[in-house]
Amino acid sequence: MDPTNSSTSLAFEVAAFNPSIIVGPVVLGALVDTCLFGCLVIQTYVYYANFANDHRAIRFTVAAVFATQIAHVMCVSATLWNTAVSAYDDPSKLQILPLASAATILFTGITGALVESYFAFRLWNVSKKLLLPILSLVLCIIAQVVSLVITVQAFKTTSIAVFEVDQNMPITLALTSRVLCDLILTLSTAWYLKNQRSGYSRTTNMIDRLVLWTIETGLITSLVAVLVISFFLAMKENYIWVGLYTILASVNGNSLLALLNGRLIFRSATNEKLHMSTLSGSGGGRNKQNPFVINATQTVRGPPEVFKCDKWEV
């Protein structure tokens, strides 16, 4: 090998190095992921402070997601250090796949599997049908198995460029399975909830709010996964897809906690309506007592079984 040509090639690579599309996405993704982890900590505290009577399986799922996210944010922080500090004076080090990044793939897959498994059970609990929940679980299992394979290969590979080429199909398959699973769970749950609308205006309004909340918390995970796939397939030469993939696990975890803690909103709304009914029936003499009884009964009776706050239903 001609040392002159080697030096010229290295000088060209360093000159062509653009930190705004290599280091920038990783740093920004790590910062956003840290903020999302802070939100997850708060949401976890709110959950255990208000829903200590939930089924132990739900409480275990929340604890597992929280523990996985602790490991995930540690790996992301290590990746950030490797990118912004260790490779500061030598951009060629950015082509080396850190072990922390490989571990991040593992914890991202575990978080996604935990969240999607709970959403699949929720879909079954709302619909009382097995087809769509089982289909969602199959897609979840496919994504998880492929993620484990990718993780093993990531620990064996040292070059990011080689990893992107060799794992192009598995990464696409895993992310596509996640997107399809999330879409099936979100849209199907919203559909079955919509069909539970009744003639009671209070119940109808509450179901409409729950449908909107389900779509908002469910589609955000699909959107992030779609962006990861898009940038991975279109722009492998930069790390924009890496920055987006960094926050995928935190978005999944926060979507689960947001859905569970969202029951506080419906609980407070029900209590407020009951209070207003009490006020409307407390004045105006003896003739106002019967409307009070009717209004209070309708307020408590309005929400269907799906709104029970201390059961599996959410």
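In what follows, every heavy atom counts, from backbone to side chain, and hydrogens, waters and symmetry copies are set aside.
Sorted by first then second residue, the salt bridge (Lys or Arg N to Asp or Glu O under 4.0 Å) pairs that include residues 149-172, not counting sequence neighbours, number zero. Under the side chain to side chain donor-acceptor pair (under 3.5 Å) criterion, the residue pairs touching residues 136-152 are Gln144-Arg178, with sequence neighbours excluded. Within the structure, the salt bridge (Lys or Arg N to Asp or Glu O under 4.0 Å) test picks out no pair touching residues 70-79 (sequence neighbours left out).
Taking the side-chain contact (heavy atoms from CB on, under 4.5 Å) definition, one finds that Val32 meets it with Leu28, Leu36, Ile247, sequence neighbours left out. Legend: residues meeting side-chain contact (heavy atoms from CB on, under 4.5 Å) with Leu187, ordered by chain and number and at least two apart, are absent. Partners of Thr111 by side-chain hydrogen bond (donor to acceptor under 3.5 Å, both in side chains), not counting sequence neighbours, listed by chain and number: Gln69. The side-chain contact (heavy atoms from CB on, under 4.5 Å) search around Asn261 returns Gln43, Val46, Tyr47, Phe51, Leu257, not counting sequence neighbours. For Phe232, the ring pair (Phe, Tyr, Trp, His ring centres under 6.0 Å) criterion is met by Trp241, not counting sequence neighbours. Contacts of Ser159 classified as side-chain contact (heavy atoms from CB on, under 4.5 Å), with partners at least two apart in sequence or in another chain: Ala161, Val162. Taking Phe37 as the reference, nothing meets the ring pair (Phe, Tyr, Trp, His ring centres under 6.0 Å) condition, with sequence neighbours excluded.
Within a 6.0 Å sphere centred on CG of Leu99, heavy atoms belonging to other residues, nucleotides or ligands number 12 at most.
Taking the side chain as every heavy atom from C-beta outward, Ser117 and Cys140 approach each other to under 4.5 Å.
Residue Val165 is found outside any hydrophobic cluster, as its side-chain heavy atoms come under 4.5 Å of no other Ile, Leu, Val, Met, Phe, Trp or Tyr.
With 3.5 Å as the limit, one finds a donor-acceptor pair spanning the side chains of Thr79 and Ser101.
A side chain to side chain contact (heavy atoms under 4.5 Å, CB included) with Thr108 is found for one member of Leu106, Ile110, Thr104 and no other, namely Thr104.
Leu185 and Trp124 fall within the same hydrophobic cluster, defined by Ile, Leu, Val, Met, Phe, Trp and Tyr side-chain heavy atoms under 4.5 Å apart, directly or through other members.
Heavy atoms only, all atoms of each residue included: Val73 and Asp33 are closest at CG2-OD2, 3.8 Å.
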I'd like a table of donor-acceptor pairs (distance under 3.5 Å, sequence neighbours excluded) in which one partner is a side-chain atom from residues 59-68, with atom names and distances.
from  : atom 1 : to    : atom 2 : distance (Å)
Arg59 : NE     : Asp54 : O      : 2.9
Arg59 : NH2    : Asp54 : O      : 3.4
Thr61 : OG1    : Ala57 : O      : 2.8
Thr68 : OG1    : Ala64 : O      : 2.7

